[in-house]
Student: 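Okay, handing you the structure first.
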Amino acid sequence: MAIVKSLWIAEVHGGGLDGKEVLLRGWIHRTRGSKSIRFVVLRDSTGTVQCVLKRAVIGDDNFEEISAALIESSVELSGQVIPTDREHGYEIMVKDVKIVGPVNPQRPFPITESAMKQADGGETEFLLDNRHLYLRTGRMTKMLKIRSTIFGAVHSYFRDRDFTEYQAPNFVAGAVEGGSTLFEVPYFGKKAYLTQSWQLYAEAAMPALERLYTLAPSFRAEKSRTRRHLTEFWHAEMEIAWADNEDVMSHGEGLVRHIARTLLEQRSEELESLGRDINTIQKYAESHYPRIRYDDAVEMLQSKGVEIEWGQDLDFSKEKILTEDFEVPHFLTHYPKVAKPFYHRQDPEDPKYVLCHDLLAPEGYGEIIGGGERTWSESEILQRIDEEGTPREPYEFYIDIRRYGGVPHGGFGLGVDRVCAWLAGADHIRETIPFPRDSRRVTP
RNA sequence: GCCGACAUAGCUUAGUUGGUGGAGCGGCGGACUGUUAAUCCGCAGGUCGCAGGUUCGAGUCCUGCUGUCGGCGCCA
């Protein structure tokens with residue numbers, strides 16, 4: 001082919017190429033035609049364009065070949081950009097075409113219109129089994145771009161504020177919380193576990209870096225069957241020295257707003273084509289996120305007739321009722337000490353509570369952040385561990401951080417996939433990650 | 001861990017009180033010089049998830065198993 005430089009399809013639609021000859025590379029999205037004319041809708045990572053192939057122009061051999069080519073065959077073609085008043089804006093009047101990677105008619109591309117029909121806002125077993133092929137369909141492609149932008153926004157938020165990115169090991173010896181939800185892996189004759197959180201290791205580096213963050217996978221062996229749980233999920237976590245619960249919360253709010261703002265700037269088109277109302281995201285990007293104390297939340301629930309006792313953790317069914325009253329994310333703070341693990345610092349003003357917070361996303365998406373101020377003095381941490389009945393030994397290194405110049409500090413963890421699901425308006429967290437892992441699926 | 005559904009062609013599905021399993025999409029063949037999920041004609045494609053049972057006869061009724069989906073708990 002005479003033309004060397006290939007263009008993106010988005011560049012064609014960008015205008016200014018009327019009458020110019022271009023080379024495009026991509027995959028056949030749709031194809032239809034008759035004995036002497038063929039229409040191929042070509043797709044690349046930037047969009048689609050209709051290409052018109054006439055037998056009289058490209059010759060019999062080329063014409064037969066392109067007419068026989070199935071959906072998802074990869075092709076390279078060159079032709080003239082022509083404006084059209086039909087649906088597409090611009091088309092390519094093709095002069096030359098080459099099939100690069102054909103599709104065997106014995107095994108046509110399995111993801112058909114009928115398979116996709118069910119996928120709109122949900123996923124079928126078939127599409128999950130064929131995830132490697134589903135990725136290239138429009139809905140997943142948009143989701144992956146939104147996801148990438150969110151990941152980028154997490155990095156830019158922290159880096160613009162002088163946080164240092166810091167990595168913790170993924171193989172660990174113990175749990176952050178619970179213990180029942182750890183994935184055990186054999187480790188040269190010993191037992192190791194996949195990390196549930198970066199936090200304990202982050203606290204170790206807190207006196208060195210003071211402001212640190214990570215964006216890494218966490219693993220939880222929960223047999224959860226819900227639309228907001230994965231066994232392998234992406235966790236954006238931060239830890240900051242000389243900070244109290246309020247300071248940490250304002251970073252949580254800042255980060256989420258920054259993510260929403262970045263999406264508006266860079267992915268409005270994708271969001272809208274997934275059916276998301278931009279005004280909704282605008283609200284999330286601009287509003288202040290209210291704070292409610294646990295006690296007030298319990299009262300609100302009781303006034304709605306929900307049966308809840310003080311001291312009980314707020315489970316999802318109760319979160320859902322709470323979120324009905326809010327149009328923007330909101331923090332729940334000051335949980336009862338009995339409901340939270342030892343690393344949450346108890347409130348010096350009332351030791352029944354701990355200085356913690358959860359950020360709940362509206363529209364029924366629920367918890368996206370969990371964080372708070374850490375128990376930072378040696379005496380308090382020993383007291384909290386002992387009163388929980390937790391053995392001290394596995395936490396010696398954690399206690400050491402307090403023995404050598406403990407300072408007030410705190411941090412939070414944000415479920416990035418949950419944020420993707422919420423902001424993109426996905427029905428299930430699985431829609432937001434290329435190869436979702438849950439208690440029943442590790443393939444493909 | 002608990003509760004509830006579902007399983008029919010490559011995909012999405014219809015299938016009546018139990019009586020020889022249909023369709024649309026996709027594929028193949030043909031028609032058509034501008035289509036838009038192109039259209040029109042034709043063809044192929046099924047161990048009705050698996051194993052038992054009831055019955056003259058089971059996709060349909062019963063039991064068990066497997067798989068999947070949804071919800072709860074747990075959490076991000």
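Remember, it's a predicted structure, so these values are computed and weren't measured experimentally. Below, chain A is the first sequence line, B the second, and so on; all start at residue 1.
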Student: Considering only the C1' atoms, how many Å lie between B/C62 and B/U55, rounded to the nearest integer?
Tutor: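 It comes out at 12 Å once rounded to the nearest Å.
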
Student: When you measure from the side chain of A/H13 to the backbone of A/T48, do you find a donor-acceptor pair of N or O atoms at a distance under 3.5 Å?
Tutor: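 The answer is yes, because a donor-acceptor pair under 3.5 Å joins these two groups.
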
Student: Does A/N104 CG have over 12 foreign heavy atoms under 6.0 Å away?
Tutor: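 Yes, CG of A/N104 has more than 12 neighbouring heavy atoms, counting only those of other groups under 6.0 Å.
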
Student: What's the gap between B/A14 and B/G49 when it is taken at their P atoms, as a whole Å value?
Tutor: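 Taking atom P in both B/A14 and B/G49, they lie 14 Å apart.
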
Student: State whether the number of non-hydrogen atoms from other residues, nucleotides or ligands found under 6.0 Å of A/E327 atom CD is greater than 12.
Tutor: no

Student: Would the base of B/C69 count as contacting A/R441 through its side chain, where contact means a donor and an acceptor less than 3.5 Å apart?
Tutor: no

Student: Taking atom P in both B/U68 and B/U16, compute the distance separating them and give it to the nearest angstrom.
Tutor: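 To the nearest whole Å, 28 Å.
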
Student: Starting at NZ of A/K318 and ending at P of B/G71, how long is that distance when rounded to a whole Å?
Tutor: 18 Å

Student: What integer number of Å spans the P atoms of B/C50 and B/C28?
Tutor: 29 Å

Student: List the residues meeting salt bridge (Lys or Arg N to Asp or Glu O under 4.0 Å) with A/E210, not counting sequence neighbours, and say none if there are none.
Tutor: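 Scan of A/E210 (salt bridge (Lys or Arg N to Asp or Glu O under 4.0 Å), adjacent residues dropped) gives none.
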
Student: Applying ring-ring contact (aromatic ring centres under 6.0 Å, His included), name anything that partners A/H357, two or more places apart in sequence or on another chain.
Tutor: A/F331

Student: Looking at residues at least two apart in the chain, or sitting in another chain, which of them share a side chain to side chain contact (heavy atoms under 4.5 Å, CB included) with A/T214?
Tutor: A/W198, A/A216, A/E237

Student: Charged N to carboxylate O below 4.0 Å: is that the case for A/R211 and A/E239?
Tutor: no

Student: Taking the same atom, C1', in B/U20 and in B/A37, what whole-Å distance lies between them?
Tutor: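 That atom pair is separated by 35 Å.
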
Student: Tell me, please, which residues at least two apart from A/F397 pass ring-ring contact (aromatic ring centres under 6.0 Å, His included).
Tutor: A/Y201

Student: If a protein heavy atom is under 4.0 Å from the base, mark B; if only from the sugar-phosphate, S; if neither, -; do that for nucleotides 41-48 of chain B going 5' to 3'.
Tutor: --------

Student: Starting from P on B/U12, measure out to CG on A/L127 and report it in whole angstrom.
Tutor: 7 Å

Student: Going by the rule side chain to side chain contact (heavy atoms under 4.5 Å, CB included), which residues pair with A/S287 if we only count those two or more places apart in sequence or in a different chain?
Tutor: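 Expected list: A/K283, A/V328.
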
Student: Rounded to whole angstrom units, what separation is found between the CD atom of A/E232 and the P atom of B/A76?
Tutor: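 Roughly 17 Å, once rounded to whole Å.
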
Student: Distance between the C1' atoms of B/G71 and B/U8, in whole angstroms?
Tutor: 27 Å

Student: Taking atom C1' of B/C75 as reference, at what distance in whole Å does atom CZ of A/R227 sit?
Tutor: 17 Å

Student: Tell me which nucleotide among B/C75, B/U12, B/G26 gets nearest to the side chain of A/T124.
Tutor: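 Comparing B/C75, B/U12, B/G26 against the side chain of A/T124, the answer is B/U12.
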
Student: Taking the P atom of each, how far is B/G26 from B/C11, in whole Å?
Tutor: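 Going atom to atom, P in each nucleotide, I get 15 Å.
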
Student: Strictly under 4.0 angstrom, non-hydrogen atoms only: write out the protein contact profile of nucleotides 3-8 of chain B, one letter per nucleotide from the 5' end, B, S or -.
Tutor: ------

Student: May I have the distance from A/D315 (atom CG) to B/G71 (atom P), rounded to whole angstrom?
Tutor: 15 Å

Student: Can you pull out every side-chain hydrogen bond (donor to acceptor under 3.5 Å, both in side chains) where at least one residue sits in residues 434-444 of chain A? Sequence neighbours excluded, please.
Tutor: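 Listed once each, the pairs are A/D129-A/R441.
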
Student: Could you work out, with salt bridge (Lys or Arg N to Asp or Glu O under 4.0 Å) as the rule, every residue matching A/R161, not counting sequence neighbours?
Tutor: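 If we apply the salt bridge (Lys or Arg N to Asp or Glu O under 4.0 Å) test to A/R161, skipping adjacent residues, there are no hits.
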
Student: Polar pairs (N or O, both sides) under 3.5 Å between protein and nucleotides 28-33 of chain B?
Tutor:
unit_1 : atom_1 : unit_2 : atom_2 : d
B/C32  : OP2    : A/K35  : NZ     : 2.7
B/U33  : O4'    : A/S36  : OG     : 2.9

Student: RNA chain B in dot-bracket, Watson-Crick or G-U pairs under 3.5 Å, [ ] crossing, | other strand?
Tutor: (((((((..((((.....[..)))).(((((.......))))).....(((((..]....))))))))))))....

Student: Atom CG of A/D438 and atom C1' of B/G67: how far apart are they, to the nearest Å?
Tutor: 14 Å

Student: If the P atom of B/A44 is compared with that of B/C61, how far apart are they to the nearest Å?
Tutor: 31 Å

Student: Relative to the ring of A/H235, is the ring of A/F233 parallel (under 30°), tilted (30 to 60°) or perpendicular (over 60°)?
Tutor: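 A/F233 vs A/H235 ring planes: tilted.
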
Student: Using whole Å, report how far CG of A/D417 lies from P of B/A76.
Tutor: 13 Å

Student: Give the rounded distance in Å between these two atoms: CD of A/E222 and C1' of B/G73.
Tutor: 10 Å

Student: By ring-ring contact (aromatic ring centres under 6.0 Å, His included), which residues pair with A/F435, not counting sequence neighbours?
Tutor: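 For A/F435, no residue satisfies ring-ring contact (aromatic ring centres under 6.0 Å, His included) once neighbours in sequence are set aside.
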
